[in-house]
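Below is one structure, written out as structure tokens; comments come after it.
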Amino acid sequence: MTNGIPLPRREGITSRQAHADLPADTYERELGRDGFYGPATHMYHAHPPTAWTGWEGPLKPRSFDLNRLTHSSGSPWHAVEVLHNDRVRYRFWRTAGRMEHLVRNGDGDDLLFVHEGQGAFFCDYGRLAIRDGDYLVVPRGTMWRTEFDGPAALLMIEATSDRYRLPDRGLVGAHAVFDPAILDAPTIDDAFRAQQTPHGKREPWRVEIKRRGRISIVTYPFNPLDAVGWHGDLAPVRLNVKDIRPLMSHRYHLPPSAHTTFCAERFVVCTFVPRPFESDPGAIKVPFFHNNDDFDEVIFYHAGDFFSRDDVRPGMVTFHPSGFTHGPHPKALKGILAPAKPATDEYAVMVDARDALEVGTLPAGVEWEGYVDSWHADAKEPVAAVEP
Ligand SMILES: [Fe+2]
């Protein structure tokens with residue numbers, strides 16, 4: 001079923017095609033609903049919509065330097081909650097070495113994203129090697145623990161009372177972006193069997209179960225990760241960002257929704273990976289100004305050189321609550337039609353949440369207080385971008 005052929009209205013001076021061939025000396029803004037899928041208008045302004053000179057009140061763009069969260073813990077339930085609402089919990093967990101107990105999340109699926117570190121993930125279903133750049137979808141109720149070779153840092157994105165799904169790939173089909181066959185599941189291998197009795201005998205194990213945000217501890221006289229086999233279509237899956245083959249068009253700057261990797265009912269997770277810039281002379285090459293009026297937007301910068309902002313570094317987060325227009329940093333805007341290099345070189349994880357996010361209690365110095373002013377053409381280097 002369709003709703004027929006849409007016939008947009010046009011007023012004043014405009015381009016004929018969004019994100020391309022902008023009228024001279026204009027700044028294009030997308031006013032959009034439903035996260036780039038819904039009704040939208042493209043408006044052509046005489047000034048950049050981010051050129052504000054004053055800002056008062058609780059709504060503002062915010063940025064956090066998670067490199068400054070140095071607390072390390074052997075339990076993911078001690079991860080620092082950076083942002084949250086009733087349907088998503090966005091946490092940052094630093095750990096090292098081997099977890100000495102199991103955990104189980106009774107509140108929802110967890111999406112782990114390994115920002116730093118390399119090791120193994122043991123769970124009901126077996127073992128998976130994990131490394132930086134890996135996403136790991138952990139179904140609600142799975143018992144698991146990690147063994148890292150050294151220090152590790154992970155994002156943990158809980159789909160509260162929900163489960164993760166893959167997005168509908170629509171016209172490009174199910175095998176675009178990444179083939180579902182590339183998703184790896186745990187295997188029952190020698191390392192998995194060996195961890196059941198690490199010293200050649202049964203030993204007691206604790207399981208820390210999180211339910212409604214509270215922890216209960218269940219003790220077994222043996223390691224309950226003792227499956228000898230399983231079959232079904234429910235299991236943790238692993239996907240590395242380097243296995244994502246991004247959608248692109250050489251003539252059209254695709255919206256962030258083209259980069260959706262996982263969906264939950266009330267938020268999506270998108271991944272930005274390196275890709276060539278658009279080559280059509282009239283196509284814009286950096287993100288367009290927009291107000292994504294139904295979503296709060298969170299971007300975690302994992303690795304690379306971030307083309308829409310020149311003042312963030314790996315480990316930083318930007319948080320753009322719904323309610324105002326944002327867009328490229330002034331220095332990036334200079335390359336809107338002629339970028340300095342042929343391709344992007346960034347890996348970033350974005351969460352777009354339909355429900356308003358609250359900021360957690362964070363140690364002093366983690367938030368970059370001057371972020372709201374960073375769109376000024378003469379903005380100084382951020383305090384947060386200096387090595388702590
Ligand atoms: Fe945005």
Side-chain angles (χ1 to χ4, degrees), residues 64 66-84 88-132 134-162 164 186 191-192 195-196 198-199 203-227 236 238 300 315 317 349 358-363 366:
F64 309 98
L66 304 190
N67 297 297
R68 295 181 172 223
L69 290 175
T70 55
H71 174 71
S72 181
S73 168
S75 174
W77 302 152
H78 297 151
V80 177
E81 193 155 84
V82 180
L83 293 156
H84 62 93
V88 56
R89 297 200 168 269
Y90 187 94
R91 294 168 290 167
F92 188 69
W93 179 38
R94 253 183 222 290
T95 189
R98 178 178 188 271
M99 278 176 66
E100 299 296 334
H101 62 279
L102 295 162
V103 292
R104 176 179 189 149
N105 192 346
D107 287 328
D109 282 10
D110 258 316
L111 177 65
L112 310 187
F113 177 73
V114 184
H115 174 52
E116 297 168 355
Q118 180 169 315
F121 175 83
F122 293 96
C123 67
D124 288 300
Y125 300 80
R127 184 187 73 96
L128 262 174
I130 49 175
R131 57 160 300 161
D132 58 302
D134 277 343
Y135 283 114
L136 195 59
V137 180
V138 184
R140 182 180 191 168
T142 303
M143 284 192 289
W144 61 272
R145 67 181 180 84
T146 50
E147 283 188 19
F148 283 102
D149 299 342
L154 297 90
L155 275 184
M156 300 182 61
I157 307 168
E158 178 189 284
T160 311
S161 302
D162 199 357
Y164 283 103
F192 180 71
Q195 59 89 44
Q196 294 166 352
H199 303 106
E203 294 176 358
W205 275 85
R206 281 184 304 125
V207 186
E208 294 193 359
I209 303 174
K210 183 171 85 69
R211 175 63 179 153
R212 303 179 73 192
R214 292 176 298 191
I215 308 300
S216 300
I217 298 173
V218 180
T219 305
Y220 288 87
F222 54 88
N223 185 338
L225 299 189
D226 61 356
R238 180 188 66 194
F300 175 79
V317 165
V349 174
E358 299 287 338
V359 177
T361 304
L362 299 171
V366 171

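Residues: numbered from 1 along the sequence shown.
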Notebook entry, point to check: Which pairs, with at least one residue in residues 113-123 and sequence neighbours excluded, count as a salt bridge (charged side-chain N to carboxylate O under 4.0 Å, His left out)?
Noted result: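 As it turns out, the salt bridge (charged side-chain N to carboxylate O under 4.0 Å, His left out) pairs with a partner in residues 113-123, which skip direct neighbours, are R94-E116.
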Next item on the list: Looking only at non-hydrogen atoms, find the nearest pair between A96 and P151 and report the distance.
Entry: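 For A96 versus P151, the nearest heavy atoms are CB-CA, 4.0 Å.
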I'd like to check the side chain to side chain donor-acceptor pair (under 3.5 Å) partners of [X]; sequence neighbours left out, ordered by chain and number.
X    : result
R145 : E147, Q195
R104 : none
R91  : D110
Y135 : T271

Next item on the list: For residues 136-162, pull every pair meeting ring pair (Phe, Tyr, Trp, His ring centres under 6.0 Å), keeping only residues two or more places apart or in separate chains.
Entry: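 Qualifying pairs, neighbours excluded: F121-W144.
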Checklist line | CG on L111 to OH on Y90, rounded to 0.5 Å | finding: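 Answer for the OH-CG pair, Y90 versus L111, is 10.5 Å.
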Margin query: As an exercise, state the distance from CG of L225 to CD of Q196, rounded to the nearest 0.5 Å.
Written below: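 With rounding to 0.5 Å, CG (L225) is 7.5 Å from CD (Q196).
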Notebook entry, point to check: If you measure from the Lys or Arg side-chain nitrogens to the Asp or Glu carboxylate oxygens, is any gap between D107 and R212 under 4.0 Å?
Noted result: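 Salt bridge absent between D107 and R212.
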Note to self: F300: which residues meet the ring pair (Phe, Tyr, Trp, His ring centres under 6.0 Å) condition with it, sequence neighbours left out?
What the structure shows: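 Applying ring pair (Phe, Tyr, Trp, His ring centres under 6.0 Å) to F300 gives H115.
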Notebook entry, point to check: Residues two or more places apart in sequence or in another chain: which of them pass ring pair (Phe, Tyr, Trp, His ring centres under 6.0 Å) with F92?
Noted result: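 Result, ring pair (Phe, Tyr, Trp, His ring centres under 6.0 Å) vs F92: none returned.
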Check: So, does R238 use its side chain to make a donor-acceptor pair with the main chain of A129 at under 3.5 Å?
Finding: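 Indeed, once roles are kept as given, a pair shorter than 3.5 Å links the two residues.
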Under the side-chain contact (heavy atoms from CB on, under 4.5 Å) test, residues paired with [X] that sit two or more places apart:
X    : value
S73  : H71, S75, H78, W93
R206 : H101, E208, I217, T219
P224 : L102, M143, W205, V207, Y220, F222

Next item on the list: Any side-chain hydrogen bond (donor to acceptor under 3.5 Å, both in side chains) involving residues 151-162? Give me the pairs, sequence neighbours left out, ordered by first then second residue.
Entry: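 Every side-chain hydrogen bond (donor to acceptor under 3.5 Å, both in side chains) pair that includes a residue of residues 151-162, provided the two are not neighbours, is N105-E158, E158-T160, E158-K210, D162-R165.
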